[in-house]
Protein chains: 2
Amino acid sequence: MQTEWLSDEERVAWVRLAAVLELLPGVLDTQLRRDAELTHFEYFLLAMLSEAPDRTLRMTSLAQRTHATLPRLSHVVRRLEDRGLVRRFPCPQDGRATNAQLTDAGWAKVVDTAPGHVTNVRHHVIDALGADQVTQLSEITEAILARIDPDGVVMSPQRGHPSGRR
Amino acid sequence: MQTEWLSDEERVAWVRLAAVLELLPGVLDTQLRRDAELTHFEYFLLAMLSEAPDRTLRMTSLAQRTHATLPRLSHVVRRLEDRGLVRRFPCPQDGRATNAQLTDAGWAKVVDTAPGHVTNVRHHVIDALGADQVTQLSEITEAILARIDPDGVVMSPQRGHPSGRR
DNA sequence: CTCAGTTGGTTGAAGCTACAACTAAGACCT
DNA sequence: AGGTCTTAGTTGTAGCTTCAACCAACTGAG
């Protein structure tokens with residue numbers, strides 16, 4: 001069985017995507033670190049909580065939405081808890097589960113931070129593209145996520161957790 | 001001065017791109033770690049060296065091509081050197097500079113590893129897209145890189161350094 | 001009821017990256 | 001020559017992620 005190499009066009013697209021993968025996280029982190037002492041992952045986590053009912057989510061659910069492993073999430077939430085941005089308490093319905101809830105300070109942090117972050121995203125990504133390219137990017141990333149995101153959390157965020165899950 | 005928020009379409013595109021940013025590196029690292037005990041960054045670094053004349057590049061040049069900071073590169077190259085995949089020696093023309101050269105073992109590693117890696121990239125990214133989407137992805141990432149890659153190394157790799165070197 | 005298996009989450013250690021500080025060599029100016 | 005500035009790279013440390021191990025609580029079969 002022999003390898004099917006990439007064509008020139010495919011190779012260029014891949015190399016550029018790989019470059020974006022390498023550089024964009026740094027761009028996001030730098031702005032958020034400077035303006036809010038937050039990594040992009042931490043900001044995104046807080047943002048997910050801020051949109052959840054009662055600003056509360058179970059760790060597993062939060063892990064899915066942020067595309068993180070549970071150990072990683074556990075460490076990050078502990079640090080955010082130390083900073084007073086998040087509160088953690090056991091889930092009444094399921095003794096195994098832990099709920100993470102955004103505190104008022106956490107909510108204020110998101111509100112304060114969002115404008116600068118959105119401006120940054122706009123400046124480095126969205127405004128670099130035409131309207132048609134934004135649509136294309138949406139479709140392309142959707143197709144890629146279908147391959148790399150096992151549970152497809154991103155693609156059907158509406159599914160929510162109606163009791164039974166799945 | 002007030003924030004210009006993202007439209008629904010823009011927000012979806014951004015959230016999906018952010019998800020790819022979060023998930024794709026793990027997909028690449030996992031395969032390479034398992035099959036070659038290499039991170040994607042290390043593989044890419046070796047691949048850049050393998051394509052260079054005499055399989056040699058100055059640290060600064062290698063840093064540009066891999067989108068890495070010099071400290072990061074220095075650490076990684078030291079580890080690769082310990083493993084015998086790369087050799088380091090002072091540049092004769094410039095006493096400050098260091099050259100990194102791929103060893104025979106390093107070359108063999110790239111040759112052995114490339115097929116599995118390309119197959120992985122194909123499976124998770126390229127084959128998820130139509131031919132037109134590959135072109136679109138190439139253009140979109142080019143536009144984004146123009147904003148986030150200060151020196152535009154990715155976009156004009158032919159530029160080389162004028163005078164000396166080669 | 002009970003025990004095996006699964007699910008949800010935490011923890012500790014190892015490894016990688018970022019940042020800051022530092023060294024050394026070349027370039028420039030006079 | 002001499003002094004200053006810049007460039008090239010290394011090193012140490014702190015912080016974050018990953019991986020493996022672990023524990024507690026739920027579930028289901030008998």
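Below, read A as the first sequence line, B as the second, and so on, with proteins coming before strands; counting in each chain starts at 1.
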Completion exercise
CE (A:M48) and CG (A:L62) are apart, to the nearest 0.5 Å, by 9.0 Å
Problem - Integer-rounded Å distance: D:dG15 P and A:E42 CD - result: 12 Å
Practice task
Compute whether any side-chain donor of one residue and acceptor of the other, for B:Q136 and B:D132, lie under 3.5 angstrom apart.
Solution key: no
Fill in the blank from the handout: On a heavy-atom basis, the closest approach of A:L57 and A:A52 is CD1-CB, 3.4 Å
Practice task
Starting at atom CD of B:Q93, determine the distance to atom C1' of C:dA25, rounded to an integer number of angstrom.
Solution key: 15 Å
Exercise for the section: For DNA chain C, determine which residues of residues 71-84 of chain A have any heavy atom closer than 4.0 angstrom to one of its atoms, and list them numerically. Expected result: A:P71, A:S74, A:H75
Exercise for the section: Calculate, to the nearest 0.5 Å, the distance between atoms CG and CG belonging to B:L28 and B:L38 respectively. Expected result: 12.5 Å
Fill in the blank from the handout: On DNA chain C, more 5' by nearest nucleotide between B:R33 and B:T69 is B:R33
Exercise for the section: Decide whether a cation-pi geometry holds between B:R65 and B:F44; the criteria are a distance under 6.0 Å from NZ or CZ to the six-membered ring centre and an angle within 45° of the ring axis. Expected result: no
Handout entry: d(CG, B:L23; C1', D:dT18) in whole Å
Key = 15 Å
Problem - Phosphate OP1/OP2 of C:dT10: any A:R88 side-chain N/O under 4.0 Å - result: yes
Exercise for the section: Between A:L70 and A:G26, name the one whose nearest nucleotide on DNA chain C is closer to the 5' end. Expected result: A:L70
Practice task
Decide whether B:R58 and B:T98 meet the rule of one side-chain donor and one side-chain acceptor closer than 3.5 Å.
Solution key: no
Completion exercise
Rounded to whole Å, the CG-C1' distance (B:D29 to C:dG15) equals 12 Å
Fill in the blank from the handout: Contact check, residues 34-41 of chain B vs DNA chain C, heavy-atom distance under 4.0 Å, returns none
Practice task
State the NE2-CD distance between B:H40 and A:E22, to the nearest 0.5 angstrom.
Solution key: 8.0 Å
Handout entry: Within 6.0 angstrom of A:R78 CZ, more than 12 heavy atoms from elsewhere
Key = yes
Exercise for the section: Could you tell me the separation between the CZ atom of B:R58 and the C1' atom of C:dA25, rounded to a whole number of Å? Expected result: 12 Å
Exercise for the section: Using atom CZ of A:R96 as one end and atom P of C:dG8 as the other, report the distance to the nearest whole Å. Expected result: 6 Å
Completion exercise
Judged by nearest nucleotide, the residue sitting upstream toward the 5' end of DNA chain D, A:G95 or B:T98, is B:T98
Exercise for the section: Using a heavy-atom cut-off of under 4.0 Å over every strand shown, decide if A:D94 touches base, sugar-phosphate, or nothing. Expected result: sugar-phosphate
